[in-house]
Amino acid sequence: MIRDVFLTTTSSLFPNEPILNEEMEDYLGRINGKNSRCRSIVLRQNGIKCRYYALNKQQGITHTNAELAKGAVEKILEKRSLDIGEVSLLACGTSSPDQLLPSQASMIHGVLGGAPLEIFQSGGVCLTSLQALKIAFWAVASGEKEKAVCCTSELASPTLISQNYDIEYERCSKVGTNPYMAFEKDFLRFMLSDGASAALLEAQPNGDLSYKIEWIEMTSYANELPTCMFMGAELREDGELKSWKNFSPQERLNRSIFVVKQDIRLLKPYIIKYWVNHIEAVLAKHKIGAEEIDYVLPHVSSMFFYNKLLDEIKARNLCLGEEKWYTNLSEVGNIASAAILSALDYLPQNKNLKSGDKILLLVPESGRFSYGTALLTLV
């Protein structure tokens, strides 16, 4: 049985107080006690004004990823006066789990407590959000589940603190190598934020803000494009990854193997071009004209790419102009997988939505270049 599915409730949760640009290194620390050379450059381009860290100024962790997720799910349950036992599926997405094993979904269910339920965990980077959402969508559409929660959460800040970089810095200095951190490692320290978001999916609309999920589409271009963003590995000269399993324990420290990295040289030729290729393809598949879309929610890591995406869409004569766009990037930071549901949660607070509005969710993932799009209709 295939039936309609409605996204009926959303939530966002952020730890502690918002952190302004000038305060960032008070929380992340300064590598070898020195201010970053690239911080001002990165912040000028990304347009982020504040973000949230689950850290204190002693670089101690204040919330686990699972606790952030728990808070977002509990907000959903509170809004709807539900018990977790009334939810039959918890689908989770994250790129920063608290541990390698067990799954982050298991840990989130553990801190939530309550009744036994089915769990699902998607793996990857930003697109884990739509992967988890699609599992929840399928579960309700098939008639197997009546209520499913999709939860997305990120705890990136502990991987960005200075002590994770100090050993590599000192090693380079001792062997006479320029000790400044490579831009591919340092710039991401000023891009990422912590937070969580969630959505409740049901077979019937409920309340004033229920969105019918028309479809969710995802495309991977890993068959033709190289790895761009990675963690727990090192990029080889041939473009493939050398796993952390191939390094000794000391090498993992010396080379900052577990620091998230991005080959920014690959972004310019690929990230926007393939993103718009994907958008064009899925709109054509579903026979939806761009002019029919009322709102566009693009998940972008930086306002730099926001503008580049706009330029490419305009160049291809797609009727998805900036007047339709909404993002909360500048006020909450780049929360990776948690970004798209958070933007949807903020949308009604910032736009005058009306019944029948069509909302396009756009999510890129630069891990090895994958993209996702979802179409919602406000009922």
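What you see is a predicted model, and the numbers here were worked out from it, not measured in a lab.
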ask   = Ring centres of Tyr306 and Trp325 under 6.0 Å apart?
value =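 Yes, the ring of Tyr306 comes within the 6.0 Å limit of the ring of Trp325, centre to centre.
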
Salt-bridge present ([X], [Y]; N to O < 4.0 Å):
{"X": "Glu118", "Y": "Lys145", "answer": "yes"}
{"X": "Lys70", "Y": "Asp98", "answer": "no"}
{"X": "Asp357", "Y": "Lys354", "answer": "yes"}
{"X": "Glu146", "Y": "Arg3", "answer": "yes"}
{"X": "Lys308", "Y": "Glu312", "answer": "no"}
{"X": "Glu217", "Y": "Lys285", "answer": "yes"}

Are [Y] and [X] co-members of a hydrophobic cluster defined by side-chain heavy atoms under 4.5 Å apart?
{"X": "Met107", "Y": "Leu68", "answer": "no"}
{"X": "Phe6", "Y": "Leu375", "answer": "no"}
{"X": "Val282", "Y": "Ile271", "answer": "yes"}
{"X": "Leu310", "Y": "Tyr371", "answer": "yes"}

Could you tell me whether a side-chain N or O of [X] sits under 3.5 Å from a main-chain N or O of [Y], the two making a donor and an acceptor?
{"X": "Glu67", "Y": "Thr64", "result": "yes"}
{"X": "Asp4", "Y": "Gln204", "result": "no"}
{"X": "Asp194", "Y": "Ser157", "result": "yes"}
{"X": "Gln99", "Y": "Pro102", "result": "yes"}
{"X": "Glu292", "Y": "Gly289", "result": "yes"}
{"X": "Ser210", "Y": "Val379", "result": "no"}
{"X": "Ser96", "Y": "Leu155", "result": "yes"}
{"X": "Gln59", "Y": "Leu28", "result": "yes"}
{"X": "Ser142", "Y": "Trp138", "result": "yes"}
{"X": "Glu234", "Y": "Lys242", "result": "no"}

task = State, with a plain yes or no, whether a side-chain heavy atom of Phe369 is found less than 4.5 Å away from one of Cys228.
result =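 Heavy-atom side-chain distance check passes, below 4.5 Å.
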
inquiry  = Evaluate Gln121 against Ser106 for side chain to side chain contact (heavy atoms under 4.5 Å, CB included), listing each step before the verdict.
reply    = CA-CA 8 Å; Gln121 179 66 52; Ser106 293; over 6 Å; no

request  = Evaluate the ring planes of Phe258 and Trp244, with Trp represented by its six-membered ring, and classify them as parallel (under 30°), tilted (30 to 60°) or perpendicular (over 60°).
outcome  =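 Rings of Phe258 and Trp244: tilted, as their planes differ by 30° to 60°.
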
key: Check against side chain to side chain contact (heavy atoms under 4.5 Å, CB included), Leu376 and Leu344   = CA-CA 10 Å; Leu376 313 179; Leu344 184 62; 3.8 Å; yes

ask   = Can you check side-chain hydrogen bond (donor to acceptor under 3.5 Å, both in side chains) on Gln250 and Asn254, steps first, answer last?
value = CA-CA 6 Å; Gln250 190 59 51; Asn254 290 346; 3.0 Å; yes

ask   = For Ile76, which fellow cluster members are found when Ile, Leu, Val, Met, Phe, Trp and Tyr are connected by side-chain heavy-atom distances below 4.5 angstrom, either directly or through intermediates?
value =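 Joined to Ile76, directly or through intermediates: Val73, Leu77, Leu82, Ile84, Val87, Leu90, Ile108, Leu112, Leu117, Ile119, Val149, Leu200.
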
inquiry  = Taking the six-membered ring of Phe230 as reference, does the cationic atom of Arg368 (NZ for Lys, CZ for Arg) lie under 6.0 Å from its centre and within 45° of its axis?
reply    =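 Because its charged atom misses either the 6.0 Å distance or the 45° angle limit, Arg368 does not stack over Phe230.
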
inquiry  = I want to check a possible cation-pi pair here: Lys358 against Tyr295, using under 6.0 Å from ring centre and within 45° of the ring axis as the test.
reply    =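 Because its charged atom misses either the 6.0 Å distance or the 45° angle limit, Lys358 does not stack over Tyr295.
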
inquiry  = Can you list everything that forms a salt bridge (Lys or Arg N to Asp or Glu O under 4.0 Å) with Glu331? Sequence neighbours excluded, please.
reply    =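 Glu331 satisfies salt bridge (Lys or Arg N to Asp or Glu O under 4.0 Å) with no residue once adjacent residues are dropped.
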
